[in-house]
Enquirer: 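My structure is below; once you've seen it, I'll send some questions.
Below, read A as the first sequence line, B as the second, and so on, with proteins coming before strands; counting in each chain starts at 1. Remember, it's a predicted structure, so these values are computed and weren't measured experimentally.
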Number of protein chains: 2
Amino acid sequence: MKETITIKEIARRLHISPSTVSRALQNNPRISPATREAVHQMAGQLKYFPSTTARNLRRGKTGVFAMVLPEIRENFFSEVVNGVEELAFGHQYTVALYQSHDLFERERQILSVLAANQVDGVMLSVAKESQQFDHIQNLLDRRIPVVLFDRIPPRIETHQVGCDMEKGAYEATKWLASRGFRRIALLNGPHPLVASEDRYRGYVRALLEENLPVENALIKRVDLTPDDTARQMAQLLSTPHRPDAVLAFNDYVALDAMQVCRKQGLQINADISFVSFANLPLTAYMDHSPLASVEQHPYQIGRTAVEILLSVTESGPDESAPAFQRVMLEPELVVRVE
Amino acid sequence: MKETITIKEIARRLHISPSTVSRALQNNPRISPATREAVHQMAGQLKYFPSTTARNLRRGKTGVFAMVLPEIRENFFSEVVNGVEELAFGHQYTVALYQSHDLFERERQILSVLAANQVDGVMLSVAKESQQFDHIQNLLDRRIPVVLFDRIPPRIETHQVGCDMEKGAYEATKWLASRGFRRIALLNGPHPLVASEDRYRGYVRALLEENLPVENALIKRVDLTPDDTARQMAQLLSTPHRPDAVLAFNDYVALDAMQVCRKQGLQINADISFVSFANLPLTAYMDHSPLASVEQHPYQIGRTAVEILLSVTESGPDESAPAFQRVMLEPELVVRVE
DNA sequence: CACGGCAGAGCAAACGTTTGCACAAGGAGT
DNA sequence: ACTCCTTGTGCAAACGTTTGCTCTGCCGTG
């Protein structure tokens with residue numbers, strides 16, 4: 001009973017042509033104020049909504065930005081999405097969400113769907129499994145703009161936005177040193193992640209500057225599962241001189257590690273202290289949270305990613321200047337008041 | 001240089017008609033195996049991907065389910081999204097994400113965009129501000145299926161999926177009573193939310209069953225902001241006989257309330273205990289978490305919402321039987337080991 | 001009076017698919 | 001030899017917009 005009402009319908013009722021209606025709705029100056037007004041009124045009266053699909057087909061755009069990330073439930077990522085949605089919605093773009101669950105195969109599948117759907121842009125944080133990146137190149141070959149964020153694989157020529165974790169690790173380590181800690185351990189992330197290397201470099205740079213020794217026994221890598229974190233932390237504690245402070249890959253790792261310490265009877269922030277990355281809001285509620293955390297500004301990362309996509313989509317398609325944008329946000333060391 | 005390659009292109013190269021190509025790609029039995037094979041091969045070779053936009057226009061579908069919720073960063077909601085994405089992706093649907101930030105006006109805006117975009121289905125958890133629901137009815141009038149989840153407003157004739165919070169509150173309260181607590185307070189949510197009423201009824205029912213008095217002084221409503229929670233909790237503590245246990249609207253409220261108690265020198269789980277809703281994973285890391293929490297199975301809620309949408313979209317459009325589905329999941333009281 | 005220009009509006013093609021119907025050729029049944 | 005299916009394919013319209021071009025008056029200028 002409810003016929004979808006189109007531009008043609010409006011035209012029919014007003015005894016004018018569809019093209020005139022279209023132009024009137026776009027406030028094209030070539031249409032007389034009188035007709036324009038009439039069209040707008042009729043459109044309102046009939047509750048006309050333009051068909052986005054038809055428009056997309058005509059314009060060769062979909063109005064969709066895709067967001068591909070490992071796990072939406074991780075606070076960091078949902079905060080990124082928060083920023084993305086905010087800005088994208090303001091510019092009439094739809095945000096399509098996809099989770100890789102940190103699985104390479106799933107990531108590949110997702111990107112191939114995106115290629116088919118011809119989205120206008122993709123924001124991607126790669127799965128920790130991913131070691132090979134043809135699937136990304138594939139999108140680029142199809143002229144779909146890609147912004148890599150946070151987890152940025154090497155050697156892909158495209159836009160990126162991240163937070164300078166080398167600096168974050170450096171500052172965190174320096175801060176620990178300035179508070180008198182001498183045996184600072186690093187509970188780092190898995191190897192494939194560039195973010196792990198960044199943290200490592202910052203950590204080492206700070207230690208050297210502070211004339212503290214860099215000891216292999218104090219540096220562990222975890223695969224980001226709670227089990228492995230527990231294992232590695234236990235190892236740290238079993239060394240002859242156990243660390244008096246730990247720089248953890250992120251808050252989740254820190255929390256898991258702290259559990260281990262507690263179980264071994266250590267008092268957090270007294271016997272051993274933690275600093276980590278991410279600044280989870282919930283740690284504020286804890287009795288013994290990490291002393292400090294490196295804020296990565298995920299909301300801002302999300303906004304920036306969208307800004308980049310908007311700038312390449314809205315402006316001319318090519319400009320013959322590829323000019324990939326690479327934004328590196330400044331981290332911020334947030335010290336908790338104890 | 002990279003021409004988008006279409007069905008016509010394949011047709012041209014094979015000297016057949018576009019319609020034949022289209023049918024061949026759909027494995028239509030009317031096409032001979034030979035041509036079908038040739039088409040598939042050519043498609044693969046040219047890396048052909050069908051234009052989803054064109055197809056959608058033709059079919060009058062978009063292949064998009066929209067997800068509208070207050071805040072993605074709230075663990076409960078991101079867990080729902082997790083379930084939604086999982087199932088939707090498996091059925092080749094795109095999940096479009098929108099946040100209302102608990103603002104009615106924003107919610108209205110979003111739903112009107114969705115009406116225009118002609119999404120194939122909407123999953124909605126209303127903003128806590130929303131008191132009036134014409135915007136939802138609007139979608140329904142446009143024949144867009146709507147599934148309301150978690151925050152379900154009254155008097156809207158459409159699909160719903162929620163978790164029985166009356167029962168959850170009842171069991172939580174009974175459990176507290178069984179542990180010997182006698183002055184059990186309720187830190188409830190805001191009035192407009194049906195969920196608040198459900199909790200209230202369950203709470204009262206349990207108290208009556210246990211022959212405990214229902215005291216207005218022990219029942220407070222918060223607007224879900226930390227400030228207000230702090231205010232209401234302080235009031236609870238200032239009553240002559242302060243409560244020995246608190247049933248909180250959700251974990252966030254519980255955590256904020258616990259902060260207040262701590263500041264007043266009360267020992268959590270000794271002087272005063274908490275039970276709440278949501279079962280945030282992070283509370284597991286806390287030294288003093290709520291004693292128990294009512295798990296609402298958000299992941300399952302998400303899956304169920306998508307199942308409903310799939311059932312109404314995939315099957316015939318109308319069947320002349322409106323038959324709205326209403327699913328009520330069983331909550332689960334999760335008791336923490338201390 | 002002729003001509004150029006301009007304002008306002010319409011025609012029709014295009015975007016890439018899908019699909020009802022028509023069509024051709026061949027084989028089988030009468 | 002005639003019709004009548006069957007099988008495989010093509011024609012063309014449709015989905016709802018957008019947009020380059022054309023067309024018709026009309027006004028002002030020379």
Enquirer: Restricting both atoms to N or O, compile the protein contacts to nucleotides 21-28 of chain D shorter than 3.5 Å, with distance only.
Expert:
none

Enquirer: D/dG10, OP1 or OP2 - any side-chain N/O from B/T20 closer than 4.0 Å?
Expert: yes
Enquirer: Nearest whole angstrom, please: distance from the C1' of D/dG10 to the CZ of B/R12.
Expert: 18 Å
Enquirer: Atom CD1 of B/I10 and atom C1' of C/dT17: how far apart are they, to the nearest Å?
Expert: 12 Å
Enquirer: Measure NE2/A/H15 against C1'/C/dG10 and give the value in whole Å, please.
Expert: 16 Å
Enquirer: Tabulated below should be each protein N or O lying under 3.5 Å from an N or O of nucleotides 13-16 of chain C; please produce it.
Expert:
{"residue": "C/dA14", "atom": "N3", "partner": "A/R58", "partner atom": "NH1", "Å": "3.4"}
{"residue": "C/dC15", "atom": "O2", "partner": "A/R58", "partner atom": "N", "Å": "3.4"}

Enquirer: Could you state the atom-to-atom distance from CG of A/N56 to P of C/dT17 in whole Å?
Expert: 15 Å
Enquirer: With no hydrogens and no angle check, just 3.5 Å: does a side-chain donor-acceptor pair link B/S22 and B/Q26?
Expert: yes
Enquirer: Ignoring backbone atoms, establish whether B/T53 has a side-chain N or O less than 4.0 Å from OP1 or OP2 of C/dT17.
Expert: no
Enquirer: Does a side chain donor of either A/N117 or B/T52 reach within less than 3.5 Å of an acceptor in the other side chain?
Expert: yes
Enquirer: Using whole Å, report how far CD of A/Q26 lies from C1' of D/dT17.
Expert: 9 Å
Enquirer: Grab the CG-P distance between A/N27 and C/dA9 for me, whole Å please.
Expert: 14 Å
Enquirer: Check whether any side-chain nitrogen or oxygen of B/S32 sits under 4.0 Å from OP1 or OP2 of D/dT9, and answer yes or no.
Expert: yes
Enquirer: Any sub-3.5 Å donor-acceptor pair from A/D120's side-chain atoms to A/F65's backbone N or O?
Expert: no
Enquirer: Between A/R151 and A/D102, is there a salt bridge with N-O shorter than 4.0 Å?
Expert: yes
Enquirer: NZ of A/K61 versus P of D/dT17: gap in Å, rounded?
Expert: 19 Å
Enquirer: Would you say B/R106 has more than 12 foreign heavy atoms packed within less than 6.0 Å of its CZ?
Expert: yes
Enquirer: Taking atom types as modelled, is there a side-chain donor on A/E79 or A/N82 under 3.5 Å from an acceptor on the other?
Expert: yes
Enquirer: Using only atom types and a distance under 3.5 Å, with no angle test, would you say the side chain of A/E85 pairs donor to acceptor with the backbone of B/Q99?
Expert: yes
Enquirer: Heavy-atom distance under 4.5 Å between the side chains of B/L309 and B/V147, does that happen here?
Expert: yes
